[in-house]
Amino acid sequence: MNQEVKVEPVASDFIRDIVEADRESNKHGGRVITRFPPEPNGYLHIGHAKSICLNFGIARDFGGRCHLRFDDTNPETEDVEYVQSIMEDVRWLGFDWGEHLYYASDYYGKLYAYAEALIQKGRAYVCGLGQDEFKEYRGVPSMPGKEPPRRNTPPAENLDMFRRMRAGEFNENQYVLRARIDMASPNIHMRDPVIYRIRKCPHHRAGTAWCVYPMYDFAHCLSDAIEGITHSICTLEFEVHRPLYDWILDQLEVPCHPQQIEFARLNLSYTVMSKRRLLELVRNGLVTGWDDPRLPTIGGLRRRGYTPSVIREFCRRIGVTKFGSLTDVALLEHCLRDELNRTAPRAMAVMDPVRLVIDNFPEDRVDLLDAVNNPEDPADGTRQVPFCRALYIEREDFMEEPPKGFFRMSPGREVRLRYGYIVQCTGVDRDPATGDIRAIHATYDPATRGGNTPDGRKIKGTIHWVSARHATGIEVRLYDRLFMLEDPNDVPDGQDYKQFLNPKSLEVIHAMVEPVLAEAAAGQRFQFERKGYFFADPVDSKPGQPVYNQIVPLRDAWAKRQGRG
RNA sequence: UGCCCGAUGGUGUAACGGUAGCACAACAGACUCUGAAUCUGUUUGUCUAGGUUCAAAUCCUAGUCGGGCAACCA
């Protein structure tokens, strides 16, 4: 296991209960072996993280192991590019498969032999029905299917045909190998499912060694058995496949018979999780790529500034059930704030700057003021922040005619400049043409250096600032939810989910920041005081010129109150 | 329509026949050199109808609602 992985206690769930009971009854000789079996045809997202945490977490908690197995049985859609990114993402999440890296494609030889064994038992046959006929013979859920013509062909003939399939004598789609189960089964998956098809397509690992490829249902259960998996955990849509999973293993002489257990996949509010939709957003340029910080992909979350531990904590909190739920993204954001509050150093950045001139502060004087890096972590120490006559403050922190309850800066009132001085606003300069505020004027109280009030007077408002002379302008990207609809998978009739993309999901601004932020290295996280948590983008930052991605804003009771008013 | 699965506050989850609890969210207050954090408090729940039982969120039956399944995808 990766050093970084903390062993967080995980409350039990129905799957852990099963594993625990099996271990106590010595069902699998007390062993616990799980696997995470992605198909290398797309990038991982936070839904996969749930599965990864579950499978690797169970292995860790029960002293077992978890395999990483690429379920690469479809050469047409898979690619090594995905293999690489999936391994990177799993490692980044903090999990380690050790020696146990496997590929279903490495079992092609064994799987082929199992298929021949099934034929020899009279439990599989080569079928030459065309796609339309195939459907017709299969029937529909409410009506039984009927026997395909070759269903009762003797094993020897099927064996010969299957070998010829393998030898490349037939065209794609000309023949398939089918399990011989029950054409009248109420479960469609048991109506003689296809277990091998012909594909004259090179495989990203096996090359051109094969022109017959096993189907998921055949390959998956056998791969599990070959690896000695004890608990084969998958999502709910495979529930109806379980009888087939068990049937295949029961027909063949396999090393063990793993137990398939299904759980509900993760759905997150205001985003989409399906491969198809994610791909559509990327292909149509609606996001900048697979690692767009607005996407729930692992790459996107990493780029946004999420940490592996936040994702793990989130997965721990959502639990595991068989109920198809929609998890509120607010829970994810809570996990983020909870961790970042403890770990992120603070700094000041003014996102929408307006000039503040301290009229009684000497023109050429520079005060270096001590500022606490992280009030939640005294070990993080202090830094010095330069203070001058001309500063920038947040435009929204000044109101000429403040409403009730506003306690920032307004004419005649005192406000604290964080770690600076108590200042009193004396007036504003306006653009004579537009009436816009060009600068705010104030006087400072020299006795309040550091923001202290030796006379004990209470100052309600504290605002952040930067010294105009020492500030650096940098790019900051503010993110909001990708969709305006809580559940983009459930759009009103006749409408497309893409219509509900949030046009304001990305806003690029130029902020004025204090020196520590301008000097930061890519990959560093900060809390911009009173604003939110930000991450120096590892891709676009340059030395001395970081670009910040907003990870998550701070909660804002004032904004909420305004929104309500 | 056939089969499979599910249903506990707004959301996510616990309670494994014996006091419906936790977290997020929301709301109110305290505190505060971040309108953050922290602390305190409040609101809101067992899908319906029968049955079994001293006792049902839990077991049984039926219904309702929701999800899944009819790729030579996984």
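Just so it is clear: chains get the letters A, B, ... in the order the sequence lines come, proteins before strands, and each one is counted from 1.
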What does A:Glu39 touch in the nucleic acid at a heavy-atom separation under 4.0 angstrom: a base, only the sugar-phosphate, or nothing? sugar-phosphate
Touch class at under 4.0 angstrom, heavy-atom based, for A:Asn452 against every strand present: base
Would you mind classifying the nucleic acid contact of A:Asn341 as base, sugar-phosphate or nothing, using non-hydrogen atoms under 4.0 angstrom? sugar-phosphate
Can you tell me how far C1' in B:G9 sits from the matching atom in B:A25, rounded to whole Å? 11 Å
A:Lys135 side chain near B:C72 phosphate (N/O to OP1/OP2, under 4.0 Å): no
Could you run through nucleotides 13-24 of chain B and give me one letter per nucleotide, 5' to 3': B if any protein heavy atom sits under 4.0 Å from the base, S if only the sugar-phosphate is that close, - if neither? SS-B------SS
Please report the distance, rounded to the nearest Å, between CG in A:Leu244 and P in B:A70. 13 Å
With C1' as the reference atom in both, quote the distance from B:C39 to B:G6 in angstrom, rounded to an integer. 39 Å
Mind checking if A:Arg408 touches a base, just sugar-phosphate, or nothing, with heavy atoms under 4.0 Å? base
Taking the P atom of each, how far is B:U40 from B:A49, in whole Å? 38 Å
Out of B:G12, B:A71, B:C69, which has the shortest distance to the side chain of A:His189? B:C69
Please evaluate the base of B:A74 for a donor-acceptor partner in the side chain of A:His241 within a cut-off of under 3.5 Å? yes
May I ask you to evaluate whether A:Ser142 reaches the phosphate of B:A70, defined as a side-chain N or O under 4.0 Å from OP1 or OP2? no
Between A:Tyr103, A:Tyr114, A:Tyr213, which is the residue that forms a ring pair (Phe, Tyr, Trp, His ring centres under 6.0 Å) with A:Tyr108? A:Tyr213
Is A:Arg138 touching bases, backbone alone, or none of the nucleic acid, heavy atoms closer than 4.0 Å? sugar-phosphate
Base, sugar-phosphate, or nothing for A:Gly532, non-hydrogen atoms under 4.0 angstrom? nothing
Are OP1 or OP2 of B:G35 and a side-chain N or O of A:Arg530 less than 4.0 angstrom apart? yes
Describe the nucleic acid contact of A:Phe407 in one word from base, sugar-phosphate, nothing, applying a heavy-atom distance below 4.0 Å. base
Donor-acceptor check, side chain of A:Asn158 to backbone of A:Ile119, threshold 3.5 angstrom: yes or no? no
Which part of the nucleic acid, if any, lies within reach of A:Ser185 when heavy atoms closer than 4.0 Å are counted: base, sugar-phosphate only, or nothing? nothing
Could you measure between the two C1' atoms, the one in B:C16 and the one in B:U8, and give it in whole Å? 15 Å
Looking across every strand, which nucleic acid part, if any, lies under 4.0 Å from A:Gly324 by heavy atom: base, sugar-phosphate, or nothing? nothing
Checking the side chain of A:Asp380 only, and the main-chain atoms of A:Asn374 only, is there a donor and an acceptor separated by less than 3.5 Å? no
Provide the distance between the two C1' atoms, one in B:C24 and one in B:C65, to the nearest whole Å. 26 Å
With a 4.0 Å cut-off, would you call A:Arg342 and A:Asp338 a salt bridge? yes
Electrostatic pair A:Glu78:A:Arg205 at N-O distance under 4.0 angstrom: no
When you measure only distances, ignoring hydrogens and angles, does the side chain of A:Lys458 come within 3.5 Å of the base of B:U32 through a donor and an acceptor? no
Using a heavy-atom cut-off of 4.0 Å across all strands, would you classify A:Glu76 as base, sugar-phosphate, or nothing? nothing
Pairs involving residues 128-148 of chain A, ordered by first then second residue, that meet salt bridge (Lys or Arg N to Asp or Glu O under 4.0 Å) (sequence neighbours left out): A:Glu136-A:Lys146, A:Glu147-A:Arg151
Considering only B:A37, B:U34, B:C73, which nucleotide approaches the side chain of A:Arg199 most closely? B:C73
Taking the six-membered ring of A:Trp210 as reference, does the cationic atom of A:Arg166 (NZ for Lys, CZ for Arg) lie under 6.0 Å from its centre and within 45° of its axis? yes
Answer yes or no as to whether B:A74 has its base stacked against A:Tyr216, where stacking requires a ring-centre separation under 5.5 angstrom and planes under 30 degrees apart. no
Go through A:Phe162 and A:Tyr196 one step at a time and tell me if the ring-ring contact (aromatic ring centres under 6.0 Å, His included) criterion holds. CA-CA 9 Å; A:Phe162 188 48; A:Tyr196 262 91; 5.3 Å; yes
Distance test, side-chain N/O of A:Arg197 to OP1/OP2 of B:A74, below 4.0 Å: yes
Does the side chain of A:Lys560 get closer than 4.0 angstrom to OP1 or OP2 of B:A26 through an N or O atom? yes
Using modelled atom types only, decide if a donor and an acceptor are shared between the side chain of A:Asn171 and the backbone of A:Gln174 within a distance under 3.5 Å. no
